Amino acid sequence: MPVAAQAQSLACSAPDRIPVPRLEQPRRGEPVRKPPIAGYLLTLSWSPQHCAGVRNPKDARDRFQCSGENGRFGWVLHGLWPEADNPGYPQWCRPAKIVPQPVLRRHMCMTPSAQLLQHEWAKHGTCMSPNPAAYLRAAEILFRTVRFPDMKRLAAAPQTAGSIRRAFAAINPGWKETMIAVGTDRDGWLDEVRLCLGPRMRPQQCRPFQKGAADRRAVRVRSMLPG
């Protein structure tokens, strides 16, 4: 059966002091795009893989997620992304002020990085709402509907992108394998699962440019460390 800790830390509570994130703006050459929104991606990140790749898990950016001081995270929310009918998705639609501290605090156990919350709001959320609290609340509602397969079992045996899709589809009513994209890093480790959503934020079949790794692609799954 799925384990609650695979979604977030068993004993997660927001830190007493949350760092104030820096303002996020498009990088040089990164355009503002405002095409009509045709759907969404709910992008989930496998925290053990993220933390395995950070240089210093006690650095300010990654301490809460990766140091183990606040329990062990499993699946966390990378972001809720508006999508267009083609790869040119909406981004950087409005200037973004700093997300207020109470809003950051509310969502740190969902997305355990104040800077990532700021980035997701600035790049993606401003294309959906003028209010960061409303955007992150919508993401939270969707994230809470997701059920997670037994990641310990998946990590114990060879997997493919197809088997990861099947594991998620089997445990989430209304999902089909064609609605789920699997992302890996350059070495074939699982790092993301993305749920393709329609304009009303209900699961729909992924478009060709959203599909991620092919079904037969070998995927390695990193285990959670003991809490």
Side-chain angles (χ1 to χ4, degrees), residues 4-27 30-47 50 60-67 69-71 73-84 89-148 172 192-204:
Q6 291 168 358
Q8 63 182 38
S9 168
L10 272 174
C12 178
S13 58
D16 293 335
R17 298 184 64 183
I18 297 175
V20 177
R22 68 180 185 278
L23 285 171
E24 294 259 0
Q25 297 177 336
R27 296 178 182 177
E30 192 175 13
V32 171
R33 290 197 296 257
K34 300 181 182 180
I37 295 175
Y40 302 88
L41 283 179
L42 187 70
T43 302
L44 314 171
S45 175
W46 182 231
S47 186
H50 167 76
R61 182 183 177 96
D62 294 299
R63 182 184 303 121
F64 181 61
Q65 182 173 0
C66 299
S67 70
E69 295 171 2
N70 295 279
F73 287 91
W75 287 103
V76 298
L77 182 70
H78 184 159
L80 174 62
W81 303 344
E83 293 282 289
Y89 53 82
Q91 62 178 16
W92 307 109
C93 293
R94 297 180 178 93
K97 295 182 179 180
I98 296 293
V99 177
Q101 282 281 306
V103 179
L104 293 173
R105 181 177 300 278
R106 176 186 176 108
H107 297 291
M108 283 291 288
C109 288
M110 173 183 77
T111 302
S113 164
Q115 193 60 52
L116 181 56
L117 286 165
Q118 179 70 34
H119 175 80
E120 294 301 301
W121 157 240
K123 185 172 182 178
H124 304 288
T126 57
C127 298
M128 295 171 54
S129 171
N131 185 335
Y135 164 69
L136 291 170
R137 175 60 176 158
E140 178 189 31
I141 290 170
L142 290 167
F143 181 64
R144 285 184 174 183
T145 69
V146 181
R147 300 183 69 192
F148 299 95
N172 285 278
E192 288 189 342
V193 164
R194 300 185 289 274
L195 174 61
C196 297
L197 304 171
R200 296 186 178 182
M201 297 188 178
R202 298 182 65 84
Q204 73 169 17

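From a predicted model like this one, the values you see are computed outputs, not experimental measurements.
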Who are the side-chain hydrogen bond (donor to acceptor under 3.5 Å, both in side chains) partners of R27, not counting sequence neighbours?
-> none

Taking the side chain as C-beta and beyond, is there a heavy-atom pair between L77 and E140 under 4.5 Å?
-> no

Count the heavy atoms belonging to other residues, nucleotides or ligands that lie under 6.0 Å from CZ of R33, then report whether that count exceeds 12.
-> yes

Beyond-backbone contact of I98 with P21, side-chain heavy atoms, under 4.5 angstrom | yes

What is the distance from atom OG of S113 to atom CZ of R63, rounded to the nearest 0.5 Å?
-> 11.5 Å

T126 OG1 to K34 NZ distance, which is reported to the nearest 0.5 Å = 8.5 Å

Are any non-hydrogen side-chain atoms of L41 and Y89 less than 4.5 angstrom apart?
-> no

Of all heavy-atom pairs linking P19 and L104, the shortest is O-CD1, 4.5 Å

Heavy-atom side-chain proximity of E24 to W121 below 4.5 angstrom = no

If you measure from CG on L116 to NE2 on H78, what distance do you get to the nearest 0.5 Å?
-> 5.0 Å

Is the closest side-chain heavy-atom distance between P203 and L195 below 4.5 Å?
-> yes

Starting from the C-alpha separation in whole Å, work towards a yes-or-no answer on side-chain contact (heavy atoms from CB on, under 4.5 Å) for I18 and F64.
-> CA-CA 9 Å; I18 297 175; F64 181 61; over 6 Å; no

Does any non-hydrogen side-chain atom of M108 lie less than 4.5 Å from one of L117?
-> yes

CD on Q101 to CZ on R105, rounded to 0.5 Å = 7.0 Å

Decide yes or no for R22 and Q118: does some side-chain heavy atom of the first lie under 4.5 Å from some side-chain heavy atom of the second?
-> no

Are V32 and C93 close enough, and set up right, to give a side-chain contact (heavy atoms from CB on, under 4.5 Å), and what steps lead you there?
-> CA-CA 6 Å; V32 171; C93 293; 5.6 Å; no

Provide the closest heavy-atom pair for C109 versus S13 in the form atom of the first, atom of the second, distance.
-> SG-N, 3.7 Å

If every non-hydrogen atom of P82 is compared with every non-hydrogen atom of I37, which pair is closest and at what distance?
-> CB-CD1, 3.8 Å

So how far is it from E83 CD to Q204 CD, rounded to the nearest 0.5 Å?
-> 10.0 Å

side-chain contact (heavy atoms from CB on, under 4.5 Å) between L80 and T43: does it pass, once the steps are laid out?
-> CA-CA 6 Å; L80 174 62; T43 302; over 6 Å; no

Counting only N and O atoms by type, is there a donor-acceptor contact under 3.5 Å from the side chain of N172 to the main-chain atoms of R147?
-> yes

Going by atom types alone, do H124 and Q91 pair a side-chain donor with an acceptor below 3.5 Å?
-> no

Pair R194-L42, side-chain contact (heavy atoms from CB on, under 4.5 Å): steps then yes or no | CA-CA 6 Å; R194 300 185 289 274; L42 187 70; over 6 Å; no

Are R94 and C127 side-chain neighbours, meaning at least one heavy-atom pair lies under 4.5 Å?
-> no

List the atom of Q65, the atom of F73, and the distance in Å for their closest heavy-atom pair.
-> O-CD1, 3.6 Å

Could you state the interatomic distance from NE2 (H119) to CG (L23), rounded to the nearest 0.5 Å?
-> 13.5 Å

Under the side chain to side chain contact (heavy atoms under 4.5 Å, CB included) test, residues paired with P102 that sit two or more places apart | P100

Among residues two or more places apart or on two chains, list those pairs meeting salt bridge (charged side-chain N to carboxylate O under 4.0 Å, His left out) that have a residue in residues 114-135.
-> E30-K123

What one should report as the nearest heavy-atom pair of A134 and S129 is CB-OG, 3.7 Å

